[in-house]
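Each remark here refers to the structure printed beneath this line.
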Amino acid sequence: YALQGSRWRVRDLTYQISKYPTGLKASDVDEEVANAFKVWEDVSNLTFRPTTTGKVHIDIRFEKGEHGDGDPFDGRGGTLAHAYFPIYGGDAHFDDTEQWTIDSFAGTNLFQVAAHEFGHSLGLSHSDVRSALMAPFYRGYERNFELDDDDTRAIQALYGKRESPSQSTPSRVPTAATTRRPSTGAGTAGVLCSDASVDTIVTMADKNTYVFKGSQYWLLTDSSTAPGYPRSTTADWGGLPGNLDAAFTWSNGKTYFLKGSEYWRFSNMTMDPGYPKPISKGFAGIPDNVDSAFVWSGNGKIYFFKNDKYWRFEPTARPPVGAKYPKDVSNWEGIPNNIDAALQYSNGFTYFFKDGMYWRFNDRTFRIDTADPPFPRPAGYWWFGCE
Amino acid sequence: EALPTKLEISGTTTALLYLDKFGYMNSTATNPENGALLSEAAVRQAILDFQAFAGLNQTGNLDQETVEMMNRPRCGNRDIIGHGPNTRRRKR
């Protein structure tokens, strides 16, 4: 960790949100900001209190572009926020053009970014420990956020350890939906209802989820398939063939489809130039004819499944597939061999599909979720709107 | 009014702007904004420093993973503090 060199002389700090974001309810922002302060309050001898009157220690604002401090925000992406060290006032500014979200893999998680910025407000600089909250790069939503030891040591170096139990609200509990809604039976699934096995399912960067089977595809709604489907895969996806093997959307927003020894890359529903390419070129170490692929929320890496084996692919590593791979699918407790499809859905859970049934994986217990009714469940009823 | 747009890192010029913004260019003599000549060694050292900070392979070259890391969403505060405009910021 790194300390900037200044700190607050007092231990009881006040804050206010003087300008709220345009995309969230004020009460939700209040709660997330309080949760972010509590991250530091839990491990240090500091307390934080919101106030709407008088002078405060830390002023919080959501602003666009140039906002008076000579350090303009740059629109969506790029710089998300910045904050001043104690000697410069401690204020925290967030780019209001970002899509700030709460308990969602979409957009940018307000809680995590706020907790990071408040670290600056308290005197912490950026850490070169990648797992630290004070690392400068946004890692995506982490459903089970935990402060790194590096961060704890940093804040305690400035303010000491907590001497009495934290008085504020209990630790945050994610409120994201945990269960896919059962279908209403009013969908357009057709052939999916007579045989609910699928080739692949993928959620795109725009959060639309598509099911591919044979030469057709369907757009999913929350509990069924959308009107107007199925449609032709080849006609709507720029010549993409049917009978796909696997698909996934990576953190760069691109969606990749695999079939046989080739893969295709899409920006939304438009195929990028130069595709298809050989899997051996783009995904060195991954075999042809995979069963499925998905990006796991636990670490952001791409997992490829084939028969009773799986491979973990880390694009920025050299080599991208470690020497320990492939490993046995049985390491994923409860997941069968030879799966048809897998995806991480918008509620953050990873789902596996085989022979018309599906399983929901719990990445905290690292096994299939226990639920009523139990998994596997029929995909036709729960996903495709079949009676 | 048009808002500023994100700096897309695509090559050496944009990378140097990024490295300067986040504190890796430690001398006005290596400031890409003032037209001063940049030594190859200074540029390589700045890239090495960034790669070390970000936990990347330290090649000193603007390779793909370095560019990808530079294009990731991030905090606007500097990584290396002690010089540059950010340290002169005041609250009010």
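The two atoms that bring A:R130 and B:G55 nearest to each other are NH1-O, 3.3 Å, heavy atoms only.
Separating the CG atom in B:D49 from the CG atom in A:D128 is a distance of 11.5 Å, to the nearest 0.5 Å. In this structure, B:E8 CD and A:D74 CG are separated by 10.5 Å, a value rounded to the nearest 0.5 Å.
If you measure heavy-atom distances from A:Q4 to chain B, the contacts under 4.5 Å come from both the backbone and the side chain. Proximity to chain B (any heavy atom under 4.5 Å) is restricted, for A:S127, to the backbone atoms N, CA, C and O. Heavy atoms of A:R139 lying under 4.5 Å from chain B belong to its backbone as well as its side chain.
A donor-acceptor pair is defined here as one N or O able to donate and one able to accept, closer than 3.5 Å; no such pair exists between the side chain of B:N77 and the backbone of A:S125. Checking side-chain atoms of A:H126 against main-chain N and O of B:R78 turns up a donor-acceptor pair under 3.5 Å.
A 4.5 Å side-chain heavy-atom check between A:P136 and B:F53 finds at least one atom pair inside the cut-off.
Among residues 62-74 of chain B, the residues having any heavy atom closer than 4.5 Å to a heavy atom of chain A are, in sequence order, B:E65, B:E68, B:M69, B:R72, B:P73, B:R74.
For A:K301, the salt bridge (charged side-chain N to carboxylate O under 4.0 Å, His left out) test picks out A:E314, with sequence neighbours left out.
Interface remark: of the candidates A:G77, A:A81, A:A135, A:A81 forms the most heavy-atom pairs closer than 4.5 Å to chain B.
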